[in-house]
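For reference, the structure discussed in these notes is given below.
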Amino acid sequence: MIASLAGAAFAAVAMIQVRRLVRTEPTTTIVVYFSICSSVIALLSLPFGWVWPTPWQATMLILAGIFAGWGNCS
Amino acid sequence: MLLTSVAALLQPKPIRRHECLAAPCARPEAMVGIGLKVISVTVFVGMQTSLKSLGTDIPAGQLVFFRSFFALLPVLAYLCWLGTLRTAFHTRDIGGHFVRGAVGVTSMGLGFYAIGRLPYPEWITISYASPLLTVVFAAIILRERVGRFRWTAVLVGLCGIVVVIAPISRSTSAHSRRRNGWA
């Protein structure tokens, strides 16, 4: 619950940063760089308990990503 | 029938200024915008459902990676379709993007950690704190002016979130608080 609340607070800070960025950067650039940046940062957590997903889990993970990207486009 | 009405919506129609002010929702671009926003929200719920179905078996970092990496596929496909793939990588503020990335990844990691552990309605209600806190931070960090009514609305919203949080914290942590001598 604390994680969820802290997540919401960080999301709010992220929105402020996006608001600063849109003054000079197009939206698509923000989306592309965010996806690249967070992929790289999240990849750093690889040694900390990543698990080999079952085919079902892998499908859900990939679907989550595709849905998120699609949501950003629309 | 449906296609013709969608095509009619997409047709730009000259609008007189006073018409715009009187009925903003009747503008065709507004209808397309609303439609896209509804699709966006639906698809994001699809994403959250996928993540929720995984429970706590997969660490949050791995969830964030898959969510971000595979999100690039539709985004890049869309940019190809628009023909703006090359210009999308052009930036004047790489540091700003990095800050946004670091803050965003922290937020996403915490949110994904929580989604497997909280009931979905509670999780989504707590995430509603985000737009409210955005108003607070916009006032503090960006020095944007926030009126009295909006401050009241933010306060009411935050009270609502406290109402949701209070029963969970009682049921899940009363034991640990008692053990720690807080209650």
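Chain identifiers are assigned alphabetically (A, B, ...) following the order of the sequence lines, protein sequences preceding nucleic acid strands; residue numbering begins at 1 within each chain.
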Taking every non-hydrogen atom, the tightest pair across [X] and [Y]:
X	Y	answer
B/Val105	A/Ser38	CG2-CB, 3.4 Å
B/Leu110	A/Phe10	CD1-CD1, 3.8 Å
A/Met60	B/Ser50	O-CB, 3.5 Å
B/Phe137	A/Ala9	CE1-O, 3.6 Å

**Study point:** B/Phe44-B/Ile39 co-clustered via ILVMFWY side chain contacts under 4.5 Å
**Key:** yes

Practice item. Group every Ile, Leu, Val, Met, Phe, Trp and Tyr by side-chain heavy-atom contacts under 4.5 Å, then state whether B/Met31 and B/Val38 land in the same group. Key: yes

Exercise for review: State whether the number of non-hydrogen atoms from other residues, nucleotides or ligands found under 6.0 Å of B/Phe98 atom CZ is greater than 12.
Suggested key: no

Practice item. State whether the number of non-hydrogen atoms from other residues, nucleotides or ligands found under 6.0 Å of B/Ile141 atom CD1 is greater than 12. Key: yes

Nearest 0.5 Å please: distance from the [atom1] atom of [X] over to the [atom2] atom of [Y].
X	Y	atom1	atom2	value
B/Leu54	A/Leu61	CG	CG	5.0 Å
A/Trp52	B/Ile58	CH2	CD1	11.5 Å
B/Leu51	A/Leu63	CG	CG	10.0 Å
B/Met108	A/Phe34	CE	CZ	3.5 Å
A/Ser35	B/Leu76	OG	CG	8.0 Å

Top residue by heavy-atom pair count (under 4.5 Å) with chain A, among [options]?
options	result
B/Ser130, B/Ala138, B/Ala114	B/Ser130
B/Gly104, B/Gly33, B/Gly111, B/Gly35	B/Gly104
B/Ala102, B/Ala77, B/Ala60, B/Gly101	B/Gly101

Is [X] in contact with chain A via its backbone, its side chain, both, or neither, using a 4.5 Å heavy-atom distance?
X	answer
B/Thr87	backbone
B/Arg100	both
B/Glu144	side chain
B/Tyr113	side chain

Practice item. Sort by residue number and list every member of residues 145-155 of chain B having a non-hydrogen atom under 4.5 Å from chain A. Key: none

Check your understanding: Which residues in residues 63-75 of chain B have any heavy atom lying under 4.5 Å from a heavy atom of chain A?
Key -> B/Leu63, B/Val64, B/Phe65, B/Phe66, B/Arg67, B/Ser68, B/Phe69, B/Phe70, B/Ala71, B/Leu72, B/Pro74, B/Val75

Exercise for review: Compare all side-chain heavy atoms of B/Leu142 with those of A/Arg20 and state whether any distance is below 4.5 angstrom.
Suggested key: yes

Revision key, fill the gap. For B/Leu82, the hydrophobic cluster (side chain heavy atoms closer than 4.5 Å, chained through members) also holds B/Tyr78, B/Trp81

**Study point:** chain B contact via A/Ile66 - side chain, backbone, both or neither, heavy atoms under 4.5 Å
**Key:** both

Review point. What part of A/Val13 lies closer than 4.5 angstrom to a heavy atom of chain B: side chain, backbone, both or neither?
Key: both

Exercise for review: Could you tell me which residues satisfy ring pair (Phe, Tyr, Trp, His ring centres under 6.0 Å) with A/Tyr33, sequence neighbours excluded, listed by chain and number?
Suggested key: B/His97

Exercise for review: Output yes when a side-chain donor or acceptor of A/Gln17 lies under 3.5 Å from a complementary backbone atom of B/Val103, and no otherwise.
Suggested key: no

Check your understanding: For the candidates A/Ala8, A/Cys37, A/Ala14, which exhibits the highest count of non-hydrogen atom pairs separated by less than 4.5 Å from chain B?
Key -> A/Ala8

